[in-house]
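The structure under discussion appears below in the form of structure tokens.
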Amino acid sequence: MLSKRDALIRALVLTLYYVGVAGADDRRDFVTLGVMKSRRDSARRSPQRLGGMTIDGIGYHYTLRYQPGNHLQSFAQEQEEEMTMAPPMPPAMTEMPPAPAEPMEPEEPEPTIPMRPTSMEPDPEPTEIPSEPTSTDMMPSAMPTEEPSAKPSVKPSVKPSMRPSMRPFPPPTPATTRTSIMQPQTFSTKLGNKLKHLIYGSPIQANLIQKQPGAPKSKGKGFLSLFEVIKFPNTKCSVSMGDIRTMEGVCYHEFECKSLGGIPTERCAEGVGACCIFVNGCGDVTSQQIVYFESPNYPQAVREMMICVLIINLRQGVQQLRLDFQMFELSRPTDGDCLDDQFIISGHNANFQVPILCGINTGQHLYVHVGDSTESKVYLSVFVKVSSGGRSFNIMISQLEDQLAPDNCLQYFKDGEGIIKSFNYDVAGSIVDNREATYLNNLNYAICLARSKNVCSISYSTEQQGGDQPDFQLINKDEAENDLVPDGQAGAGIFNCPDDFIAINSVRLCGERLNDGIEIEDYTMHATVRDIAAGPIVLPFRTDAEYVGRGFRLLYRQELCV
């Protein structure tokens, strides 16, 4: 059995719960049926109460029912048939009986816990006040009325004081007393009706709760979580960060975003959710759909040795990871090898190669194929082996279930036009002090393009960047270290480009000019190269471990069929 204190606590919790669930404006829609057990285990039914809930832990069990549209007249009829005792109404009740023939001076009642005798003379009419109480037993009951706001009035013979009793409440008798807790003011009608409609559909008569001695405890949460009521897909979203940068995130509830360690930003899902940004650093483990992997104290430069690892737990159904280098500045390679700094990806498919990267690669991207990963984990590691110079990186990682790149494509361009360039092509940077633009040794990867509708050819050209280095430079030498392509000229074919080349339309291209000799036969000039082959658009790029040049920067454009 429950003690009085426990009964009060449970009554308060249940009352607050149903206030949030039902949201009814009229408290008369709630009906409490009570059964009192005497010490001799004899049970009798107590009258119904309107607009609230009465709970005691000793000798009673109660059932709270939600009955919309059930007004006071129907309860009065039931009381006439079932009640054998009808005590006067407590001063704390908000529903007061109508005035009899001789009214008294009314006073505004105050919300207090009532103290009322229980041994009363029953009145056959529920609208009249019963006779004067003759016992100290307590059995409060709500009396029906036509107007809840009517002023209270009683017969002169009773002569009760309408001012609420301020005397201390006597100690409760376990078998004869009970505590009445009225339902407080509900939430707004709009919110209440919305929650009630979402949970129950149309208003129905439902048994909401039943508590009795010895009953098993509920395993539920007790309060209905808002996340269980309002649901929306956790789709991707974006947030504008100034005029030139946007950040990607996932739409979550604001509290759910914070509980997952994210940063809530702009509203999404028609204002119900917030675009949640996840930022991770060295030593973190994440399984979020989109995360940002940042160097320590980003955007400040790192000027000390470090080992920085991010572990990505792959979500179910994920086939690829896409890495977008928002900022990527590590120490430059030495003769094509990353010696001082290294960015290494591991844990992906065994038959898919991802090169070790370093240098300046801001704006680049790559795809990592993880559909056949044995551990379902991918490790992104940054090793800084020397303390001189500055480094900084910010990499956006997206887990992809659809919109995938073709198999074994390291880079994939979906737009009809854009720029394709080799890793560490750029010279300009804001963090790295010692910069040199060279491609890397031992590369062997494929660049793929998505063919647009009604496209029959793709044109490639190079821009005149100027500076000390050529705009296009892929170097090949023979065993005697002689250049296979003269300085300032273009090379094409397997004899000119046996080791370092990019293939367009299945033709290997190298040298210091971009020209396949089809449109312009002068190999000392840059010329547009067109790919007219059918099928997938693939540009293989390959290098060896001997010599390196600056690399390539190509402007591509898909051309419609004529």
Side-chain angles (χ1 to χ4, degrees), residues 241-247 292-304 306 308 323-343 355-366 382-396 410-411 413 415 417-441 443 445 447 460-475 488 500 502 511-514 526 539 541 543 547-557:
M241 307 294 291
D243 297 333
I244 60 175
R245 184 186 177 192
T246 60
M247 295 188 70
Y292 287 84
F293 180 31
E294 294 183 349
S295 56
N297 300 320
Y298 179 84
Q300 302 298 324
V302 176
R303 301 185 180 275
E304 58 185 11
M306 72 172 182
C308 186
L323 276 62
D324 289 275
F325 299 142
Q326 311 287 327
M327 162 68 78
F328 191 104
E329 292 192 25
L330 302 181
S331 295
R332 66 179 179 86
T334 302
D335 297 329
D337 293 324
C338 295
L339 301 179
D340 296 339
D341 297 349
Q342 295 178 340
F343 174 68
I356 298 175
L357 299 180
C358 58
I360 300 177
N361 294 295
T362 302
Q364 293 274 23
H365 79 275
L366 55 85
V382 179
F383 298 95
V384 176
K385 301 180 180 180
V386 295
S387 58
S388 60
R391 293 94 171 167
S392 181
F393 59 86
N394 184 346
I395 307 171
M396 184 179 75
L410 183 67
Q411 292 186 306
F413 296 87
D415 297 332
E417 58 182 39
I419 297 176
I420 302 172
K421 57 185 177 182
S422 55
F423 294 110
N424 193 43
Y425 180 88
D426 295 326
V427 177
S430 59
I431 301 296
V432 174
D433 301 326
N434 187 8
R435 299 185 291 270
E436 182 181 1
T438 62
Y439 57 84
L440 306 175
N441 289 328
L443 296 178
Y445 65 87
I447 304 168
Y460 303 91
S461 59
T462 186
E463 290 181 328
Q464 301 295 323
Q465 297 290 317
D468 299 334
Q469 293 179 285
D471 302 314
F472 181 90
Q473 187 183 39
L474 301 175
I475 297 177
D500 296 2
I502 183 171
E512 295 183 351
R513 299 290 186 272
L514 177 67
H526 290 291
L539 282 69
F541 180 45
T543 66
Y547 308 98
V548 293
R550 181 174 186 179
F552 60 86
R553 183 179 185 273
L554 306 178
L555 279 73
Y556 75 91
R557 178 173 299 171

Given Leu539 and Tyr556, is the side-chain contact (heavy atoms from CB on, under 4.5 Å) satisfied, shown in steps? CA-CA 12 Å; Leu539 282 69; Tyr556 75 91; over 6 Å; no
Apply the side chain to side chain contact (heavy atoms under 4.5 Å, CB included) test between Phe393 and each candidate in Thr362, Ile431, Val302, Val382; give the one that qualifies. Val382
Give a yes or no on whether the backbone of [Y] and the side-chain of [X] come within a donor-acceptor separation of less than 3.5 Å.
X	Y	value
Asn424	Ala437	no
Gln473	Arg550	yes
Thr543	Leu443	yes
Gln411	His365	yes

Between Leu474 and Tyr439, does a side-chain contact (heavy atoms from CB on, under 4.5 Å) hold up when you go through it step by step? CA-CA 9 Å; Leu474 301 175; Tyr439 57 84; 3.6 Å; yes
If a pair satisfies salt bridge (charged side-chain N to carboxylate O under 4.0 Å, His left out) and one of its residues is in residues 332-342, list it, with sequence neighbours excluded. Arg332-Glu436, Asp341-Arg391
Are any of the side-chain heavy atoms of Met327 and Ser430 separated by less than 4.5 Å? yes
Report yes if some heavy atom in the side chain of Asn394 is under 4.5 Å from a heavy atom in the side chain of Pro299; otherwise report no. no
Quick one: do Asp415 and Phe413 satisfy side-chain contact (heavy atoms from CB on, under 4.5 Å)? Show the steps, please. CA-CA 6 Å; Asp415 297 332; Phe413 296 87; over 6 Å; no
The test is ring-ring contact (aromatic ring centres under 6.0 Å, His included); show your working for Phe343 and Phe423 and say whether it passes. CA-CA 12 Å; Phe343 174 68; Phe423 294 110; over 10 Å; no
Could you tell me if the ring centre of Tyr425 sits under 6.0 Å from that of Phe552? no
Does the pair Arg553 and Ile419 meet the rule for a side-chain contact (heavy atoms from CB on, under 4.5 Å), with working shown? CA-CA 7 Å; Arg553 183 179 185 273; Ile419 297 176; 3.0 Å; yes
